[in-house]
Amino acid sequence: MKHNEKFAIIGGGSWATAMAKILCESLETVHWYMRNPAASIHIKEEHRNPNYLSAVEFNPRQLKLTTDINTAVEEAQYLILAIPSAFLEGELLKLKHPLTHKVIYSA
């Protein structure tokens, strides 16, 4: 993984939290879409996900948290979909643009 590659994590659960921590070990910035505004605010203020893997601490300057899926997707070359399959379609329907020219990983 190159230091300047742009990744976005789509999801806010335990798997997304683990992926965010792993990516933060290698990247300067990680974009992270969470649909839960309260969880996003908590991570910005307390540096931890309040609902999942709460012992994991983040450097808030590395994370670009957003509650707008389009913002995260537009900023990244690589997308990690870490949403349960039952909810994935609903989240992807929020996208305003197709996912062309993106590398997509399903977690």
Side-chain angles (χ1 to χ4, degrees):
M1 185 177 332
K2 295 178 184 173
H3 190 66
N4 63 347
E5 293 177 321
K6 294 182 179 181
F7 278 79
I9 299 166
I10 310 300
S14 58
W15 194 229
T17 303
M19 292 283 102
K21 185 61 176 176
I22 290 167
L23 289 175
C24 283
E25 298 293 323
S26 301
L27 298 172
E28 193 174 301
T29 302
V30 175
H31 299 273
W32 191 359
Y33 162 70
M34 304 177 85
R35 65 185 178 118
N36 182 338
S40 179
I41 291 168
H42 190 274
I43 293 171
K44 288 176 184 175
E45 294 176 352
E46 303 296 329
H47 313 162
R48 300 174 191 280
N49 188 332
N51 303 311
Y52 303 96
L53 303 178
S54 58
V56 173
E57 189 169 350
F58 290 98
N59 176 347
R61 288 171 287 186
Q62 275 184 289
L63 295 176
K64 300 297 181 194
L65 289 154
T66 182
T67 56
D68 178 3
I69 191 170
N70 289 286
T71 299
V73 169
E74 288 169 10
E75 293 295 327
Q77 302 162 282
Y78 302 91
L79 306 177
I80 298 175
L81 304 179
I83 296 176
S85 58
F87 305 105
L88 184 58
E89 181 181 15
E91 291 303 311
L92 294 178
L93 286 173
K94 296 176 183 177
L95 292 173
K96 295 177 182 173
H97 303 287
L99 295 174
T100 54
H101 306 295
K102 303 287 182 181
V103 177
I104 301 170
Y105 299 98
S106 175

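Atom set for the values below is all heavy atoms of this structure, side chains included, hydrogens, waters and symmetry mates excluded.
Follow the hydrophobic side-chain contacts under 4.5 Å out from Ile22 and you reach Tyr78 in the same cluster. Hydrophobic clustering (side-chain heavy atoms under 4.5 Å, transitive across Ile, Leu, Val, Met, Phe, Trp, Tyr) groups Ile83 together with Leu99. Using a 4.5 Å cut-off between side-chain heavy atoms of Ile, Leu, Val, Met, Phe, Trp and Tyr, with links allowed through other members, Leu63 and Phe7 fall into the same hydrophobic cluster. One hydrophobic cluster holds both Tyr105 and Met19 under the rule that ILVMFWY side chains link at heavy-atom gaps under 4.5 Å. Ile9 and Phe87 fall into different hydrophobic clusters, defined by Ile, Leu, Val, Met, Phe, Trp and Tyr side-chain heavy atoms under 4.5 Å apart, directly or through other members.
In this structure, the salt bridge (charged side-chain N to carboxylate O under 4.0 Å, His left out) partners of Lys21, at least two apart in sequence or on a different chain, are Glu25. Legend: residues meeting side chain to side chain contact (heavy atoms under 4.5 Å, CB included) with Arg35, ordered by chain and number and at least two apart, are Tyr33, Glu91. In this structure Ile41 satisfies the side chain to side chain contact (heavy atoms under 4.5 Å, CB included) test together with Glu45, sequence neighbours excluded.
Residues Thr66 and Glu75 form no side-chain contact, since every pair of their non-hydrogen atoms from C-beta on lies 4.5 Å or further apart. Between Pro60 and His47 the shortest side-chain heavy-atom distance falls below 4.5 Å.
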*Evaluate the criterion side chain to side chain contact (heavy atoms under 4.5 Å, CB included) for residue pair Val73 and Ile10; output intermediate values, then yes/no.*
CA-CA 8 Å; Val73 169; Ile10 310 300; 4.1 Å; yes
_Verdict with supporting geometry, Cys24 and Asn59, side chain to side chain contact (heavy atoms under 4.5 Å, CB included)_ = CA-CA 8 Å; Cys24 283; Asn59 176 347; over 6 Å; no
*Carefully, step by step, assess Ile80 and Trp32 under the rule side chain to side chain contact (heavy atoms under 4.5 Å, CB included).*
CA-CA 10 Å; Ile80 298 175; Trp32 191 359; over 6 Å; no
*List the steps and the verdict of side chain to side chain contact (heavy atoms under 4.5 Å, CB included) for Asn49 and Val56.*
CA-CA 8 Å; Asn49 188 332; Val56 173; over 6 Å; no
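Note: Ile43 CD1 to Ser54 OG = 11.0 Å, rounded to the nearest 0.5 Å. Summarising the geometry, atom NZ belonging to Lys44 is positioned 10.0 Å from atom NZ belonging to Lys64; distances are rounded to the nearest 0.5 Å. Remark: Glu74 CD to Asp68 CG distance equals 7.5 Å, nearest 0.5 Å. From Lys6, atom NZ reaches atom CD of Glu28 across 10.5 Å, with rounding to the nearest 0.5 Å. Note that the CG atom of Leu53 and the CH2 atom of Trp15 stand 10.0 Å from one another [nearest 0.5 Å]. Distance check, rounded to the nearest 0.5 Å: CD1 of Ile104 to CG of Leu92 gives 8.0 Å.
The heavy-atom pair separating Lys94 from Ile69 by the smallest distance is CB-CG2, 3.8 Å. In this structure, Ser40 and Thr67 approach most closely via the heavy-atom pair CB-CG2, 4.2 Å.
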